[in-house]
Amino acid sequence: MYGKKVKLRFLFLTLILVSVILSVFLILQSLKENVIYFQSPSEIKILVEIDKKKIRVGGMVKDQSITINTNEVNFIITDFKNEINVTYSGAVPNLFAEGKGVVAEGFLKDRNYFLATKILAKHDENYMPPEVKEAIGDK
Amino acid sequence: MFKSFEPNKIFAITSKAPKYVLFLFIVVLTIGLTEALILSPEDYKQSHAVRIMYVHVPSAWISLGIFSFLALFSVGSFIFKNKNFSLISKSLAPSGFVFNIIALVTGAIWGKPTWGTWWAWDARITSMLILALFYALYLLAWRIYGDKEQVIKITSIIAILGAVNVPITKFSVDWWNTLHQSASVNVLSNTSIHISMLIPLGIMTAAFTLFSLLIFLMKYNTELIKVKNKGLDRL
């Protein structure tokens, strides 16, 4: 019912789309480690070797793990399976708190110890007024 | 198929509709801003910074949505050589681009007080930047190429290539670890925004949709005038 040209153009577009999707998929697949913004403590644990490169570790700040010394903040990042100790000197963002998400950027000393040069607070997808939060209670 | 295109009939709509859409937009925007800036509560964690979300999230949705439509109409215009579809795509692009930029800028403004950084090269933010680049490419291509046949082909291909980036942007937060939070409003699973914040978000989305519709109609109207001025009753 359509002309030959219409069919050819349809085929042309389909081929472009399929090849682009396939190549983008393969590129992203092979760049997987660079596409992710941070690694979890569990991923750090199974690292084969420890690079001197700057990396990011993300997870939750473990409850009651923050200790503040004169110019140093120590805390533990957990993904509820594994943990990593973090040391950081500098100002932390306002939303940095125990039990909340965090991304630390810096250098890995060993598989349990991370020296952060920058701390970012990770916000979760929950939005609610304070009264509602109180009613739900802290979980 | 899709051959019956009469600029005069469409023109009758596009020349009158904008003023009604503008009126509706102002009404909905007023209600939306009142809800978002005054009536809605502050967030338990980020307090008043949450209000940026009422501009950021609708802008991001709309820029992604418009690009999807733009790509669909481009497919139609490429395969069926339907010139009306290419005019529709062309008229959709400016408002999509503007909302894309708004989403990026408001995201940066929100990111500084909450994350502690203006910008992060995570998958969501980077793919949103790529979307903006595709919008820019698309709009530029329309300006650069004068030849009608050529410009339609080139812009269609840009739109279709850019469309591959749309699902990547949408699902980036699920596929990879990102600094950006995952989706709060979900069709299939639970929505994690409290109803008192969901209402202003919905109204602002409606307002921005009306604004895009307004810009689209005005742009489309101009394109139709250009067609009429060339003395053509049909394309």
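Please read all numbers here as calculations on a predicted model, not as lab measurements. Order of the sequence lines sets the chain letters (A, B, ...), proteins ahead of strands, with each chain counted from 1.
Between the side chain of B:Asp122 and the main chain of B:His180, a donor-acceptor pair closer than 3.5 Å is present. Within the 3.5 Å criterion, the main-chain N or O of A:Asn69 finds no donor-acceptor partner in the side chain of A:Glu72. B:Asp43 places a side-chain N or O within donor-acceptor distance of the main-chain N or O of B:Lys45, the cut-off being under 3.5 Å. In this structure, B:Ser74 contributes its side chain and B:Ser156 its backbone to no donor-acceptor pair below 3.5 Å. When atom types are taken as modelled, the side chain of B:Arg124 and the backbone of B:Lys170 share a donor-acceptor pair closer than 3.5 angstrom.
Only the side chain of B:Ile157 comes within less than 4.5 Å of a heavy atom of chain A; its backbone N, CA, C and O stay farther away. With a threshold of 4.5 angstrom between heavy atoms, B:Ala120 approaches chain A through its backbone and through its side chain. Looking at B:Ser196, only its side chain comes within 4.5 Å of chain A, counting heavy atoms on both sides. A:Val6 touches chain B through backbone and side chain together, each having a heavy atom under 4.5 Å away. Within the 4.5 angstrom heavy-atom criterion, no atom of A:Phe96 approaches chain B. Contacts of B:Leu198 with chain A are absent, with no heavy-atom separation under 4.5 Å from either backbone or side chain. Contact of B:Val173 with chain A is not made at all, since no heavy-atom distance falls under 4.5 Å. Looking at A:Glu43, the atoms closer than 4.5 Å to chain B (heavy atoms on both sides) all sit in the side chain, from C-beta outward. Proximity to chain A is absent for every atom of B:Pro167, based on heavy atoms less than 4.5 angstrom apart. Only the side chain of A:Pro93 comes within contact range of chain B, with heavy atoms under 4.5 Å apart.
In terms of non-hydrogen atom pairs under 4.5 Å with chain B, the most contact-rich of A:His123, A:Arg56, A:Lys32 is A:His123. Chain B forms more heavy-atom pairs under 4.5 Å with one residue of A:Val20, A:Leu8, A:Leu28, A:Leu13 than with any other, namely A:Leu13. With chain B as the partner, the residue from A:Glu131, A:Lys5, A:Lys122 showing the most heavy-atom pairs under 4.5 Å is A:Lys122. If you tally non-hydrogen atom pairs under 4.5 Å between each of A:Ile16, A:Val35, A:Ile119, A:Val102 and chain B, the highest count goes to A:Val35. Top candidate by heavy-atom pairs under 4.5 Å with chain A, chosen from B:Ile168, B:Val164, B:Val185, is B:Val164.
A side-chain donor from one of A:Thr87 and A:Tyr113 sits under 3.5 Å from a side-chain acceptor of the other. A donor-acceptor contact under 3.5 angstrom links the side chains of A:Asn82 and A:Ser42, judged on distance only.
Using a cut-off of 4.0 Å between Lys/Arg side-chain N and Asp/Glu carboxylate O, B:Glu35 and B:Arg51 are scored as not salt-bridged. With salt bridges taken as basic N to acidic carboxylate O contacts below 4.0 Å, none links A:Lys62 and A:Glu98.
When ring centroids are compared, B:Phe208 and B:Phe99 come within the 6.0 Å threshold.
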